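First listed ligand is number 1; within each ligand, the first listed atom is number 1. Quick note: numbers below take in every heavy atom, side chains included, and nothing from hydrogens, waters or symmetry partners. Computed from a prediction, not measured in an experiment: that's the story for all the values here.
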Amino acid sequence: MNLSNRLESMQFSTIRKLAPFAEDAKKRGVSVYHLNIGQPDIHTPSTFMEGINNFTDKVLKYENSQGMDPLIESFIKYYLEWNIKLSKSEILVTNGGSEAILFAFMAICDPGDEIIIPEPFYTNYNGLADLASVKVIPFITKAEDGFHLPSKDEITSKITKKTRAIMVSNPGNPTGVVYTQAEIRMLADIVKENDIFLISDEVYREFVYDDLKYTSALYMKDIEDKIILIDSISKRYSACGARIGLVASKHKHLMAQMIKLGQSRLCVPVIEQVAAANLINTPKSYFTEVKKEYEERRNILYKYLLKIPGVVCEKPTGAFYIVAKLPVKSAEDFAKWLLTDFNYNNKTVMVAPAQGFYATKGLGINEIRLSYCLNTTALKDAMEILGIAIKKYVELNN
Ligand SMILES: Cc1ncc(COP(=O)(O)O)c(C=O)c1O
């Protein structure tokens, strides 16, 4: 029996598809440094675990579909610290930022409608767009420009009658770009002039380096009701397993309707909501320390990459990723080879081929995305090994 075209045409997650080869390597006794996935090793704040202890109910009941009041109130308080004013009716708690993205697509697009996204972009935007039968229309951003936005004309040239939104991740996954205020203003002007939405995925808001200033889309007051904010506690509090995120908008009708999507999955896990509500009590020093740690890791990763002959990349300024061009024909073949045929002192590294972060066929085939979610000692070792591997692979294939 046939399966749906929707499922058959969806891509496997590029980040996860090499996982079986990594498992085989581990079974052979080779240890694998994971530079492929954005799973931070930083401890989740103890406030979350304490929050779990706050749950004393005798029955684990369904909760309301919008999200529990204490959690929504804690989000409102959190945003005020960023100078963003949101009210209760403007927030819908979701199963991570992932569900927030799906809800945004489902809420504003009919099948075949288009969302314009700078590429490379977070690979799951592709899968989620497929789920919602939405077409991703990419425009290219380049490593040599630090993945900053192209001109307004270049972006508006992608707008058609089917365009419903422009979507950005700021700071960017996989690029590490942090958009300037002028860039966010330009996006605001485009959505205003063309009467479309701006979906702003800000899950890496806390991870901005080099003392750069962060600009939320919601700082653009004149387009407030055109913005759909995607957010999550996964990265901010190193709480990926909690599966708590949110979608927020000042578009009243959108939020009033979107609750139906929430109702279709009843509610978000309750104990995690209770625990997440307590995260607001996390000391500010947590963020200072985490940011310092990531900045140091970013510096290490970049320094090592610069030393590898043939590697091209720009220093990222946000999130915890970098896209690097390698002196290879197929980054996917290289990534697989690292797990199946290579080891150095019984160790190897796992990387994410960057092709899946593009929508345009043929782009990213010689690029990889690395995440710096390893401690500095492990990261240095992993980068030494990656350097040795690239040299060896190039020798073998030339
Ligand atoms: C840019 C971006 N948005 C959204 C997500 C989804 O995260 P989650 O569903 O864990 O909140 C991720 C995860 O890596 C991401 O990188």
Please tabulate, for side-chain N and O atoms in residues 388-397, each donor-acceptor pair with protein atoms closer than 3.5 Å (sequence neighbours left out).
from: Tyr393; atom 1: OH; to: Asp333; atom 2: OD2; distance (Å): 2.5
from: Asn397; atom 1: ND2; to: Tyr393; atom 2: O; distance (Å): 2.7

### Task
Determine whether the side chains of Thr360 and Glu119 contain a donor N or O and an acceptor N or O closer than 3.5 Å.
yes

#### Entry: Tyr219 side chain to Asn83 side chain, donor-acceptor N/O pair below 3.5 angstrom
no

### Task
Please test Tyr122 against Tyr125 for ring pair (Phe, Tyr, Trp, His ring centres under 6.0 Å), starting from the C-alpha separation and ending with a verdict.
CA-CA 6 Å; Tyr122 173 46; Tyr125 290 169; 5.5 Å; yes

### Query
For residues 244-268, which residue pairs qualify under ring-ring contact (aromatic ring centres under 6.0 Å, His included), counting only residues two or more places apart or in two chains?
Phe197-His251

### Task
Quick one: which residue pairs count as a ring-ring contact (aromatic ring centres under 6.0 Å, His included) with a foot in residues 147-184, not counting sequence neighbours?
none

For ligand 1, list every N/O pair with the protein closer than 3.5 Å, one pair per line with the distance.
from: ligand 1; atom 1: 3 (N); to: Asp201; atom 2: OD1; distance (Å): 3.4
from: ligand 1; atom 1: 3 (N); to: Asp201; atom 2: OD2; distance (Å): 2.6
from: ligand 1; atom 1: 9 (O); to: Gly97; atom 2: N; distance (Å): 3.2
from: ligand 1; atom 1: 9 (O); to: Ser98; atom 2: N; distance (Å): 3.0
from: ligand 1; atom 1: 9 (O); to: Ser98; atom 2: OG; distance (Å): 2.5
from: ligand 1; atom 1: 9 (O); to: Arg243; atom 2: NH2; distance (Å): 2.8
from: ligand 1; atom 1: 10 (O); to: Ser234; atom 2: OG; distance (Å): 2.7
from: ligand 1; atom 1: 10 (O); to: Arg243; atom 2: NH1; distance (Å): 2.7
from: ligand 1; atom 1: 11 (O); to: Gly97; atom 2: N; distance (Å): 2.6
from: ligand 1; atom 1: 11 (O); to: Ser232; atom 2: OG; distance (Å): 2.6
from: ligand 1; atom 1: 11 (O); to: Ser234; atom 2: OG; distance (Å): 3.2
from: ligand 1; atom 1: 14 (O); to: Lys235; atom 2: NZ; distance (Å): 2.9
from: ligand 1; atom 1: 16 (O); to: Asn173; atom 2: ND2; distance (Å): 2.7
from: ligand 1; atom 1: 16 (O); to: Tyr204; atom 2: OH; distance (Å): 2.7

